[in-house]
Structure formats: structure tokens, C-alpha cells
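Report on one structure; see the data block that follows.
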Amino acid sequence: MPLIGLCDCNNFFVSCERLFRPDLKDRPVIVLSSNDGCVISRSNEAKAIGIPMGEPFFKVEGIVKAYKVHVFSTNFPLYEDISKRVHAVIRAHAPETEDYSVDESFFSLDIAALRSPEAYARTLGETIRRWVGVPVSIGLAPTKTLAKLAAEYAKKHAETNGVHRLEPGAELDALLERTPVGDVWGVGRRYADFLNRCNTGNARKLRDKPDDWLRRHLTIRGLQTGWELRGVSCIPIRTTDPPQKSIQVSRSFGAPTTMIEPIREAVTTFVSRGAEKMRAQGMRARVLHVYITTSRFHPPVTCPVGRMTFEAPASYTPTLVTAALDVLDEIFVRGEWYVKAGIGLSEFSEEGQRQLFLPGASLDPQEDDRRTRYMEAVDRINRVLGQDAIRPAAMPARGKESGWGPRRDHESPETTEHSLR
DNA sequence: TCTGGGGTCCTAGGACCC
DNA sequence: TCTGGGGTCCTAGGACCC
């Protein structure tokens, strides 16, 4: 039976920022979400002084000043770059790996071939620390769900040296009993509330619920979670990424607006970004969604959504932008204060799969080829010269947005998205 | 005053057909 | 006029993850 490992980077975004600011070691540090909205990563020191995860920044500004907490605006391109390096080290040390998220990888270990899986995992963690520079915690267990709990244990207990292994037995039973049910992978806030009302407040009680009860109240996923807590693996490691099914691009505005002009600019920018990402995967979309929304903190919320379905799947930015702006015109209502807009691309087909030529419905093949080659050239130039060297006329350069652009008051000059290229 | 962004999956219910 | 069952497809909503 293989052992499943989970490698989880500690305080990942803060750890990334500290790579460029070694002076911030042992200091309280936080990283904010887009638009400087919420706290999304905290150093141990920031956790210790009571800054909660996900808290709106304005609510913690007092404590930030009092304790001289260092604050960073988000720099996602940097975190993705570091993430790739961590994933690569793990891939070089385990037969099967799954890049599960920006700061986590699952991997398998062949127990028979290793004298001590724990020692092997400790070496792996040490290698990541030396080669990439970020600290990690590693959990080992027969299932993904237990590996998550093991990694969490390792993170909280210094004496584990960053690695903890869980196997079914009395020790695991005791750990599950101490674990609030909401800390189990797959149990979110809604289910945790429900389970607490059902006198199932810890992981052990969840594990011991009958199958039909789990299936009935928590769907097939809850049943899988129950089995995984018992040590029966039913969520396999995915070594290849399945093709993506949708692409979303959305942003909150730096300030609310009642005008359509800045929103047109925003939607143009989002479609352009989404289309570029889609083409990078060799895909075209049949469906485009556009939405705008008023603040969810000031009801009543209005969030009109419109969609466009293309007869022939599209990846050509001008086609997508034109369609998106038409949809925006349809859904936009005067007099509302909008705080955010977004677009979605979905129902993909592969670029190479030519549609049947239907006069009036699709492009003639020559024109289609011309547009495809044109977008390939644009994407290539933008990759070399930096993002947005060539962009739609209606799309502003970064930092030149007409009012809707995000707030980034804590950007660090030395960790721009090009710093590592 | 200020409250993130990007994904996937599952289920129920309605429409429609035979 | 009344009566039924089963299948598929689509969508919206809700749940979860990071």
C-alpha cells in the first residue's frame, strides 16, 4: 500500500515576500488580497498577535500600527514563480506527484523501497528550504484526507521537525477526537455547522457515522471523506491536470462607479486576459459570461449577468471583446454603484478542431487562419516584451486605469513580477 | 469610507420526449 | 376527461477547495 504525502508551504505568500526581505525574519508580516482588501497570509508572529485569516484590512489597521506589522500588497506572479520551483523539487523526489494548489503538492512514496519514509520526507523538506528558501510541513498517511491532517499537525508541533506520519490506531483515534470537524478537508463552514448540530463535532465522530447517513446528508463527497478518515483511500493522486473547464477574470474596483466607461475598460481588460490564458492552452470558448455587481455589504445587491453563445467557438480577442461589450450594454443599469465586474469563458473546444463551415454562422477558413496566426504573433510578442505590449486600444496600461484600477498601497518595489525573469 | 480571486463538483428541479 | 413512468438534458444554486 503506498503512502501519500502532502507538502504544504508554511505561510506561503509571507514566506515568498521574505525571500527578498530577510530582515523581516521573526517580524510580524501580512500579505493582503487584491485591492488591499483582506489578510490572506500571515507570519507566525502576525498570528500570535491575533490577526485573523481573511479579516478585512481596515479592521486590523489599529493592531498593524501598534505592533509595526509589515504589510504587503499581493504579488501573485511572484508566488506562482516560487510555487513552480517548489513543485519541481518535489517532482524530482517522488514517483508520483500532484500539484494540488499554489502552496501544496500531494505525492506518493513507495514504502517498501524506503527504510524510513519520515527521514526521506525530512530530507525533501530540507532540500526545499535550501534550494527554494521557503519552509514547508509534510504529512504522511494512507489517504489524502489524513495526510492533510498530518501536515497540519507537523506545522503546529515544532518537535516533529516539519514531518508527521499518521497510521490507523489508538494515536490517530485520539487525534481525530481532538480535531474539530470543520478542520477536516472537505468539511466547510456550512457542513461544520450542520454536523455540530448533529452532535458530530469532531473528526472521529464524523469517521464513525454510517455510510448511508454520510451519503444522504453530505453527498458522495462526504461519504468519501468518511472512508478516507478510516484509512481507505478513495481520492487518488492525479498526476496529470485534466483540461480546464472554465476561465474567470474578475476584479473589485479601487472605487465604486456609476459610469459605464470605466466598466467598459475593465471588461475589455478582463476579456483580453482571459482570452490570452485560453489561447495558451490551445482552447476556444463557445460561451462568454459578463457580470457586474454592487457591493454585497450594502443590500439589496444587484448582480446582472449576461451571456453570449458563439455558433463557432472563439479565441480571437477582438471578437470576444466586441461580444462582451454588447453584453455589458445589455445588463448595465444606470444609477447603480458598481464595485466589481467579471467575465467567464467556458465550453471549450480545441483550437485545432475546425468547425464545419456554415455560411453566415462561421468564418471562412482563410480568414479564420489569418486571425489565429495574428493572435499567435501577438501572444508571442507579449511573452517576450512583457504583458500588454500589444493590447486592445480600449485597454489601459497597468496603473493607467480610469478609476476602476485596484488599490495597491503596499507594493514592494523589489518584488515586481519581473524580478525573477 | 475601506470587505479577494479562481476554480470544481454535486444535486434538485424543470423542460421535453417517448 | 382522466390516468403514468422513465429517460435525457440543461440550469441554478449550493457546497467545497486553495
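Keep in mind the model is a prediction, meaning the values are calculated, not measured. All chains are named by letter (A, B, ...) in the order of the sequence lines, taking the proteins before the strands, and each is independently numbered beginning at 1.
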Reading DNA chain B from 5' onward, which residue's closest nucleotide shows up sooner: A:R407 or A:P243?
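Nearer the 5' end of the strand: A:R407.
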
Could you say whether A:F58 or A:S246 is positioned toward the 5' end of DNA chain B, judged by the nucleotide with the nearest heavy atom to each?
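Whichever sits nearer the 5' end wins; that is A:F58.
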
To the nearest angstrom, how far is [X] atom [atom1] from [N] atom [atom2]?
| X | N | atom1 | atom2 | result |
| --- | --- | --- | --- | --- |
| A:R221 | B:dG7 | CZ | C1' | 13 Å |
| A:M278 | B:dG7 | CE | C1' | 17 Å |
| A:D409 | B:dT3 | CG | P | 12 Å |
| A:R42 | B:dG4 | CZ | C1' | 16 Å |
| A:F297 | B:dT3 | CZ | C1' | 4 Å |
| A:Y291 | B:dG5 | OH | P | 8 Å |
| A:H289 | B:dG6 | NE2 | P | 16 Å |
| A:F57 | B:dT1 | CZ | P | 18 Å |

Where do A:I237 and A:S108 come nearest, in terms of heavy atoms and distance?
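Looking at all heavy atoms of both residues, the closest pair is CD1-N, 3.7 Å.
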
Rounded distance in Å between the C1' positions of C:dG4 and B:dC17:
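Taking atom C1' in both C:dG4 and B:dC17, they lie 14 Å apart.
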
May I ask you to decide if [Y]'s main-chain N or O and [X]'s side chain share a donor-acceptor pair within less than 3.5 Å?
| X | Y | value |
| --- | --- | --- |
| A:N382 | A:I390 | yes |
| A:R286 | A:P313 | no |
| A:H87 | A:Y100 | no |

Indicate the ring-plane relationship of A:F76 and A:Y79, choosing parallel, tilted or perpendicular according to the 30° and 60° boundaries.
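Ring orientation of A:F76 relative to A:Y79: perpendicular.
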
Measure up the A:W404 and A:F270 rings against each other and bin them: parallel (under 30°), tilted (30 to 60°), perpendicular (over 60°).
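Plane angle over 60°, so perpendicular.
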
When you measure from the side chain of A:S252, which nucleotide among B:dG5, B:dG6, B:dC2 comes out closest?
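Of B:dG5, B:dG6, B:dC2, B:dG5 is nearest to the side chain of A:S252.
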
Looking at B:dG6, B:dG4, B:dC2, which one has an atom nearest to any side-chain atom of A:V249?
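From the listed options, B:dG6 comes nearest.
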
Looking at A:Q224, A:R230, A:E228, which hits side-chain hydrogen bond (donor to acceptor under 3.5 Å, both in side chains) with A:T145?
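Among A:Q224, A:R230, A:E228, the one that satisfies the side-chain hydrogen bond (donor to acceptor under 3.5 Å, both in side chains) with A:T145 is A:E228.
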
Applying the side-chain hydrogen bond (donor to acceptor under 3.5 Å, both in side chains) test to A:S137, which of A:D8, A:N10, A:T160 qualifies?
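Answer after filtering A:D8, A:N10, A:T160: A:N10.
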
For [X], report the nucleic acid contact type (base, sugar-phosphate, nothing); a contact means any heavy atom under 4.0 Å.
| X | value |
| --- | --- |
| A:R216 | nothing |
| A:I247 | sugar-phosphate |
| A:K277 | sugar-phosphate |
| A:K245 | sugar-phosphate |
| A:S295 | nothing |
| A:E55 | nothing |

Rounded at 0.5 Å granularity, tell me how far [atom1] in [X] sits from [atom2] in [Y].
| X | Y | atom1 | atom2 | value |
| --- | --- | --- | --- | --- |
| A:T74 | A:E17 | OG1 | CD | 8.0 Å |
| A:L6 | A:H164 | CG | NE2 | 13.5 Å |
| A:R407 | A:S34 | CZ | OG | 9.5 Å |

Does the protein touch nucleotides 8-18 of chain C at the base, only the backbone, or not at all? Give it as B, S and - per nucleotide, heavy atoms under 4.0 Å.
-------SSSS

A:S33 side-chain N/O to B:dT3 phosphate OP1/OP2 under 4.0 Å
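For B:dT3, neither OP1 nor OP2 has a side-chain N or O of A:S33 closer than 4.0 Å.
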
Under 4.0 angstrom between A:S34 side-chain N/O and B:dG5 OP1 or OP2
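Looking at the OP1 and OP2 atoms of B:dG5, one of them is under 4.0 Å from a side-chain N or O of A:S34.
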
Want to know the stems of DNA chain B: at least 3 consecutive Watson-Crick or G-U pairs with distances under 3.5 Å, which are they?
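Expected stems, ordered by start: B:5-18 with C:5-18.
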
